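First up is the structure itself, then whatever we jot down about it.
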Amino acid sequence: MKTITLNTKDHISNIFIGEKFENFRDYVDPERVIIVTDKNVFKLYKDRFEGLKTIVIGTGEDIKSFKTVEYIIEKLIELKADRNTFLLGVGGGVVTDIAGFVASIYLRGIEFGFVSTTLLSQVDASVGGKNGVNFSGLKNIVGVFSQPKFVFCDISMLKTLPEREIRSGLAEIIKHGVIGDPEILEQLDKEYEKIKSLDQKFLEKIIYNSVSVKSKIVSIDERESGQRKILNFGHTIGHAIELTEDLTHGEAIGIGMVVALGISIEKCYIDPNVFIQIEKLLKKYGLPTELPKDIDKVMKVISFDKKNEKDGLNFILIKGLREPVIEKMDLDEIAKLIKKK
Ligand code: GLY
């Protein structure tokens with residue numbers, strides 16, 4: 001097991017990579033714990049929930065709503081949750097986002113932690129303290145910055161994930177490689193078989209390296225007033241593609257990164273070899289790299305998604321590996337550069 005301590009202004013959060021769900025009793029008195037999980041995780045690991053107070057929610061992005069928040073709060077009241085209660089979110093990004101949000105508002109805030117069960121949430125969603133829900137068609141428009149006491153990245157639970165979900169997490173790992181640690185890219189290129197076979201030791205190392213990149217950034221800028229924006233590399237376009245196409249988050253983000261790298265070439269920021277290296281790696285892991293045909297549809301979604309950013313979008317470009325830059329760009333400029341490709 002490897003540990004990362006994420007220090008923010010007024011909080012310390014420990015991320016335990018390789019720790020197992022069942023060991024949560026070593027970190028918090030089980031009598032205090034109420035679990036929030038989804039129906040898939042509950043079904044797959046039913047025996048591990050025996051004797052534990054558990055609230056089961058549905059799956060999918062639509063579940064990240066105020067309706068589910070109300071449902072969880074009703075259950076917490078029924079279970080007589082008080083200030084001493086510890087809310088443990090066990091699942092992927094949807095569960096951790098919503099459990100963290102409820103814990104932050106119930107009784108004005110109770111302690112919480114996560115057992116992160118998908119590769120995507122282990123390297124991204126469950127780390128960094130962004131918790132919230134979608135509203136009025138806008139992703140994560142309501143939420144809080146609030147750090148969990150701990151996050152377990154239970155690698156043994158990845159075994160039950162569909163391959164497509166593993167790929168989705170790999171895109172975020174590749175993102176962390178580009179913006180913060182090129183060694184991640186080399187390791188992924190070299191150790192394809194170890195990823196395919198879900199080699200526990202290798203996964204522990206690659207998740208550790210990936211979370212290290214994110215933790216360093218979050219510890220400097222928890223509230224995304226500056227530096228944290230670079231974690232959105234590939235996301236401006238990626239989020240829009242995720243909404244318009246039948247793609248997972250990582251698949252869409254992979255395409256978003258390719259587009260951002262293409263624009264970085266157009267602006268003469270990078271050598272085309274950087275683009276080629278990343279595109280090759282994405283393809284190696286079966287991630288799509290082609291933009292959807294209907295670019296105007298994608299641009300329309302971005303303008304809706306970013307309607308609150310009036311003075312231009314903060315677009316993340318690359319000046320080299322480990323050299324992301326935040327650039328103010330307007331939609332027309334982005335569209336023009338994309339179409340030029
Ligand atoms: N997923 C980007 C962030 O946590 O800031």
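This structure is a prediction, so every number in the text was calculated from the model and none was measured.
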Exercise. For atom NZ of Lys149, is the number of surrounding heavy atoms from other residues, nucleotides or ligands below 6.0 Å larger than 12?
Worked result: no
For this session: Could you tell me whether the side chain of Asn23 and the main chain of Asp26 form a donor-acceptor pair under 3.5 Å?
Result: no
Exercise. Is a side-chain N or O of Thr37 found less than 3.5 angstrom from the main chain of Val56, in a donor-acceptor match?
Worked result: no
Exercise. Same cluster or not: are Val36 and Val94 linked, directly or through other Ile, Leu, Val, Met, Phe, Trp or Tyr residues, by side-chain heavy atoms under 4.5 angstrom apart?
Worked result: yes
Problem set entry | Atom CD1 of Ile220: over 12 foreign heavy atoms under 6.0 Å | yes
Problem set entry | Heavy atoms from other residues, nucleotides or ligands near NZ of Lys196 exceed 12 (cutoff 6.0 Å) | yes
Problem set entry | Over 12 foreign heavy atoms within 6.0 Å of CG, Asp294 | yes
Seminar exercise, completed: CD1 of Ile302 to NZ of Lys297, rounded to nearest 0.5 Å, is 13.0 Å
Exercise. Would you call Lys267 and Glu333 a salt bridge, taking side-chain N to carboxylate O under 4.0 Å as the test?
Worked result: yes
For this session: Assess whether atom CG of Asp246 is packed by more than 12 heavy atoms of other residues, nucleotides or ligands within 6.0 Å.
Result: no
Problem set entry | Residues, nucleotides or ligands: over 12 heavy atoms within 6.0 Å of Lys20 NZ | no
For this session: Identify the heavy atoms of Gly238 and Ala252 that sit nearest to each other, and give their distance.
Result: O-CB, 3.3 Å
Exercise. Shared ILVMFWY cluster between Val28 and Ile15, side chains joined below 4.5 angstrom?
Worked result: no
Exercise. Is the NZ atom of Lys328 crowded by more than 12 outside heavy atoms at less than 6.0 Å?
Worked result: yes
Seminar exercise, completed: Scanning both residues in full, the closest heavy-atom pair of Asp97 with Asn131 reads O-CB, 3.4 Å
Exercise. Any idea which heavy atoms bring Ile179 and Ile230 closest together, and the distance?
Worked result: CD1-O, 3.8 Å
Problem set entry | Exam field: side chain Asp38 to backbone Gly58, donor-acceptor pair closer than 3.5 Å | no
Problem set entry | Aromatic centroids of Phe152 and Tyr27 separated by under 6.0 Å | yes
For this session: Indicate yes or no: at least one non-hydrogen side-chain atom of Ser212 is less than 4.5 angstrom from one of Ile4.
Result: yes
Exercise. Counting distance only, does the side-chain N/O of Asp199 pair as donor-acceptor with the main-chain N or O of Phe202 below 3.5 Å?
Worked result: yes
Problem set entry | Flag side-chain contact, heavy atom, 4.5 Å: Phe112 against Pro148 | yes
Problem set entry | Minimal non-hydrogen separation, Thr117 against Leu158, with atom names | O-CD2, 3.6 Å
Exercise. Do Ser121 and Thr118 have a side chain donor and acceptor closer than 3.5 Å?
Worked result: yes
For this session: From the options Arg228, Lys9, His11, Gln147, select the one residue that forms a side chain to side chain donor-acceptor pair (under 3.5 Å) with Glu222.
Result: Gln147
Exercise. After noting the C-alpha distance and the side-chain angles of Leu6 and Lys216, does the key distance pass the side chain to side chain contact (heavy atoms under 4.5 Å, CB included) rule?
Worked result: CA-CA 8 Å; Leu6 171 53; Lys216 271 183 208 135; over 6 Å; no
Problem set entry | Whether Ser210 side chain and Ile206 backbone form a donor-acceptor pair below 3.5 Å | no
For this session: Return yes if a side-chain donor-acceptor contact under 3.5 Å exists between Glu251 and Thr248, otherwise no.
Result: yes
Exercise. Distance-only, no hydrogens or angles: does the Lys214 side chain make a donor-acceptor pair with backbone N or O of Val127 under 3.5 Å?
Worked result: yes
For this session: For Asn7 and Ser219, test the side chains for any donor-to-acceptor distance below 3.5 angstrom and give the result as yes or no.
Result: no
Exercise. Are Phe114 and Val41 connected, step by step, through hydrophobic side chains (Ile, Leu, Val, Met, Phe, Trp, Tyr) whose heavy atoms are closer than 4.5 Å?
Worked result: no
Seminar exercise, completed: Closest non-hydrogen atoms of Glu172 and Leu120, given as atom of the first, atom of the second and distance, are CG-CD1, 3.4 Å
Problem set entry | Side-chain touch Tyr269/Ile265, heavy atoms, less than 4.5 angstrom | no
Exercise. Without hydrogens or angle criteria, can the side chains of Ser126 and Thr96 be said to hold a donor-acceptor pair below 3.5 Å?
Worked result: no
Exercise. Is the shortest distance from a Lys or Arg side-chain nitrogen in Glu78 or Lys75 to a carboxylate oxygen in the other one below 4.0 Å?
Worked result: yes
Problem set entry | Side chain Glu245, main chain Pro292, donor-acceptor under 3.5 Å | no
For this session: Would you mind reporting whether Leu203 and Ile195 have side-chain heavy atoms less than 4.5 Å apart?
Result: yes
Exercise. Parallel, tilted or perpendicular for His249 and His239, by the 30°/60° rule?
Worked result: tilted
For this session: Would you give the length of the straight line joining atom CD1 of Ile255 to atom CD of Glu242, rounded to the nearest 0.5 angstrom?
Result: 10.5 Å
For this session: Could you walk me through whether Glu204 and Lys201 pass salt bridge (charged side-chain N to carboxylate O under 4.0 Å, His left out), step by step?
Result: CA-CA 5 Å; Glu204 193 172 293; Lys201 271 270 145 274; 3.7 Å; yes
Seminar exercise, completed: The residue among Lys284, Lys280, Gln277 that forms side chain to side chain donor-acceptor pair (under 3.5 Å) with Asp189 is Lys284
For this session: Tell me, with the steps shown, if Val69 and Val133 meet side chain to side chain contact (heavy atoms under 4.5 Å, CB included).
Result: CA-CA 8 Å; Val69 170; Val133 292; 3.7 Å; yes
For this session: List the steps and the verdict of ring pair (Phe, Tyr, Trp, His ring centres under 6.0 Å) for Phe49 and Phe21.
Result: CA-CA 10 Å; Phe49 292 94; Phe21 172 20; 5.3 Å; yes
Exercise. Under 3.5 Å, is there a donor-acceptor pair between the Thr85 and Tyr106 side chains?
Worked result: no
Problem set entry | Ionic contact status for Arg48 with Glu22, cut-off 4.0 Å | yes
Problem set entry | Side chains of Ile72 and Ile98 in contact at under 4.5 Å (non-hydrogen atoms) | yes
For this session: Identify whether the distance between the nearest side-chain nitrogen and carboxylate oxygen of Glu163 and Arg167 falls below 4.0 Å.
Result: yes
Exercise. What is the minimum heavy-atom distance between Leu231 and Lys175, and which atoms define it?
Worked result: O-NZ, 2.7 Å
Exercise. Going by distance alone, is a donor N or O of one side chain under 3.5 Å from an acceptor N or O of the other, for Asn273 and Asp271?
Worked result: yes
Problem set entry | Heavy-atom side-chain contact between Ile57 and Tyr71 under 4.5 Å | yes
Problem set entry | Spacing of Lys300 atom NZ and Ile295 atom CD1 [to the nearest 0.5 Å] | 14.5 Å
Exercise. Is there a side-chain hydrogen bond (donor to acceptor under 3.5 Å, both in side chains) between Ser225 and Asp221 once you walk through the steps?
Worked result: CA-CA 7 Å; Ser225 46; Asp221 175 27; 3.0 Å; yes
For this session: Examine distances only and state if a side-chain atom of Thr68 and a backbone atom of Lys64 form a donor-acceptor pair shorter than 3.5 Å.
Result: no
For this session: For the pair Asn209 (side chain) and Glu183 (backbone), establish whether a donor and an acceptor sit closer than 3.5 Å, ignoring hydrogens and angles.
Result: no
Exercise. Leu138 versus Phe304: any side-chain heavy-atom pair under 4.5 Å?
Worked result: yes
Exercise. Can you find a heavy atom in the side chain of Met299 that is under 4.5 Å from one in the side chain of Leu331?
Worked result: yes
Exercise. Under 3.5 Å, side chain of Tyr45 to main-chain N/O of Met157, donor-acceptor pair present?
Worked result: yes
Problem set entry | From CA spacing to verdict: side chain to side chain contact (heavy atoms under 4.5 Å, CB included), Leu261, Phe233 | CA-CA 10 Å; Leu261 288 163; Phe233 172 55; 4.1 Å; yes
